[in-house]
Number of protein chains: 2
Amino acid sequence: MGDIGVPTTIKAFEERLLEVSESLPKRLRQCADYVAANKDRIAVSTVAEMAEGAGVQPSAFMRFCQILGFSGFSEMQRLFRDSYVGGWPDYSTRLDHLREKAEGSPSALLAEFVEAGRASLENLLKTIEPHALEQAVKILARAQMIHIIGMRRSFPVASYMAYAFEKMNVPAMLHSAVGRLENRNAVRDGDALLAITFSPYTADTIDMVEAVSAHGLPVVAITDTIVSPLRKFPATILSVSEVDFGAFRSLSATLCLAITLAVAVGTERPEK
Amino acid sequence: MGDIGVPTTIKAFEERLLEVSESLPKRLRQCADYVAANKDRIAVSTVAEMAEGAGVQPSAFMRFCQILGFSGFSEMQRLFRDSYVGGWPDYSTRLDHLREKAEGSPSALLAEFVEAGRASLENLLKTIEPHALEQAVKILARAQMIHIIGMRRSFPVASYMAYAFEKMNVPAMLHSAVGRLENRNAVRDGDALLAITFSPYTADTIDMVEAVSAHGLPVVAITDTIVSPLRKFPATILSVSEVDFGAFRSLSATLCLAITLAVAVGTERPEK
DNA sequence: GCTAATTTGGAATATATGTTCTATTTTGCT
DNA sequence: AGCAAAATAGAACATATATTCCAAATTAGC
């Protein structure tokens, strides 16, 4: 046989499988065939299940794993499980460590945030529902005026969208709570609301969504996860789950979605 | 509480999660949030891993599963393993797919921005100078008050940093031009200025940098490229070159740097 | 500010699952 | 056909993981 190295990537795994499957006794060949046809099951099955699927004994499947270069089934499974979640380390605990130990230079911290941002972006692409996105664009493109609200952590996103809309000559209004002036009466028929809110959900934002949707106006919401209180309203929801780094998020994915939405609306909108 | 039935579909699971998450004590709520944001992990993780991710004890996560109507974690996991249909399109194939086949649609646009963001992040890591970053942290950590200025496109960054500093009890002041009130006299000895500006450089921001550095106060600047007009002043410069798509930039890299800077300052700063 | 009820953390326990071992069967060779 | 080598099945063992339990801490009500 060739190298004894453990496959560390799905690709390497496939190559090894192909390379080995020629010269395999009956039962082990069954394993190879079954695995080739059901690679995705490895991540969520037990040896017993895989063995049954292949029509062999667990011990046979075990030997099969070892021939592929792994120490056992668990090691092989880990490869598939890790590649499934795309390496999404637990940042919240890592930040705690950074804080406590105070070790790690700013550069190391930057590396962490870059990594978190990268993971968030990849995840965004995987989880966004194209249909919801299209619907959101349609709603906002039709609106006579887009009202934008986002407080605290969401404010940067709201303000960036306001900037982008302004640049593209799309009528939009950023509802910031400057001076506690609540310009709620600016919302009129034909308008739409774009609400951005993340846990912990600011009451003002929720209130505004409630008020606006009570008037029958359409609402588009950018929020996190599915437990958002916005689910109670008939809004078009775009959910982004940003990798959490302690109390902070880099907002990479959120801003990406935001700018996409803004540009799509700007281009779709009937001129003037 | 409502029904006691075991959720038998992901949809039912989500509904149950939403319905229950309102009235949940602290730790259980953490579980709910983490699960909502990481549903895909349930199929391939152990209770211990899920619990750690949520920042709780395994036993707490266990109770959470039971509140959702399952007998335990295993039963809940089975739901996700069974409904796991395999075929998880990995990031790169999904990206290609969206780019080509969905051309012109919002989803394709999203793919472009995600890719641009990813490239920007990678570039950020390569180009940032650790020494400059450390110096910036040092300057801001020593300042009695951090004055933040950033207009137009830079305003989201400025406001996010203001938010982050506030969260960490770091004295900071966001100089927005609300009502054209220019609070320049708020700047005092011992303070520092954090200026964020990108081409085309807003005059107000440059003016402020000039005024502040004329008083001998330290300035940290986040800007693009090396031809920034800020080079004329004795400021610590962190340059980010964001990959742009069309006329817009997703700001991914800039925000990443911003939040890094904020957290680094927050942790380095002497308490109180 | 005290008491009762709820919630939580951590260790103890039970169970499921992976892994190894060996007698038995099968295969390949002369 | 008879022998040696390889492969297999099934049981025995080891480990990892889920689950439960209870004392300590927290919260809510009075």
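Note that the structure is a prediction, hence the values are computed from the model and not measured. In the text below, chain A, chain B and the rest are named by the order of the sequence lines, each starting its count at 1.
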Set out, in order, the CA-CA distance, both residues' side-chain angles and the distance that settles side-chain contact (heavy atoms from CB on, under 4.5 Å) for A/S252 and B/L255, then state yes or no.
CA-CA 7 Å; A/S252 296; B/L255 265 161; 5.7 Å; no

So, are B/R118 and B/E122 salt-bridged, with charged N and O less than 4.0 Å apart?
yes

Which atom pairs, one a donor and one an acceptor, fall under 3.5 Å between side chains of residues 58-67 of chain B and the rest of the protein, sequence neighbours left out?
{"from": "B/Q66", "atom 1": "NE2", "to": "B/S71", "atom 2": "O", "distance (Å)": "3.4"}

Along DNA chain D, 5' to 3', what are the outermost nucleotides having an atom less than 4.0 Å from a heavy atom of chain A?
D/dA7 to D/dG10

Given the rule in the side-chain contact (heavy atoms from CB on, under 4.5 Å) test, do A/L121 and B/L121 qualify, once you have shown the distances and angles that lead to the verdict?
CA-CA 10 Å; A/L121 285 176; B/L121 286 177; 4.0 Å; yes

Nearest whole Å is fine: how far is C/dG9 P from B/L28 CG?
10 Å

Closest approach of A/I148 to A/M161 (non-hydrogen atoms, all atoms of both residues):
CD1-C, 4.2 Å

Are there over 12 heavy-atom neighbours, none belonging to B/E134, within less than 6.0 Å of that residue's CD?
yes

For the helix from C/dG1-D/dC30 to C/dT30-D/dA1, figure out the bend between the end axes, five pairs an end, and round to 10 degrees.
40°

It should be established whether B/Q57 places a side-chain nitrogen or oxygen under 4.0 Å from OP1 or OP2 of nucleotide C/dG10.
yes

Worked verdict on B/M50 versus B/F73 for side-chain contact (heavy atoms from CB on, under 4.5 Å)
CA-CA 10 Å; B/M50 291 300 290; B/F73 176 71; 4.2 Å; yes

Less than 4.5 Å apart, any side-chain heavy atom of A/L194 and any of A/L261?
yes

Tell me whether B/E75 is salt-bridged to B/R78, with the criterion being a basic N under 4.0 Å from an acidic carboxylate O.
no

List the protein contact pattern of nucleotides 25-30 of chain C with one symbol per nucleotide (5' to 3'): B for base contact, S for sugar-phosphate-only contact, - for none; contact means a heavy-atom distance under 4.0 Å.
------

Using the test salt bridge (charged side-chain N to carboxylate O under 4.0 Å, His left out), find all partners of A/E14 that sit at least two apart in sequence or belong to another chain.
A/K39

Hey, is the main chain of A/T205 close enough, under 3.5 Å, to the side chain of A/T202 for a donor-acceptor pair?
no

Output one letter per nucleotide in nucleotides 15-20 of chain C: B when a protein non-hydrogen atom lies under 4.0 Å from the base, S when only the sugar-phosphate is that close, - when neither is.
--SSSB

Is the A/F70 ring parallel, tilted or perpendicular to the A/F13 ring (thresholds 30°, 60°)?
tilted

So which atom in A/Q77 and which in A/S45 form the shortest heavy-atom distance, rounded to 0.1 Å?
NE2-O, 2.6 Å

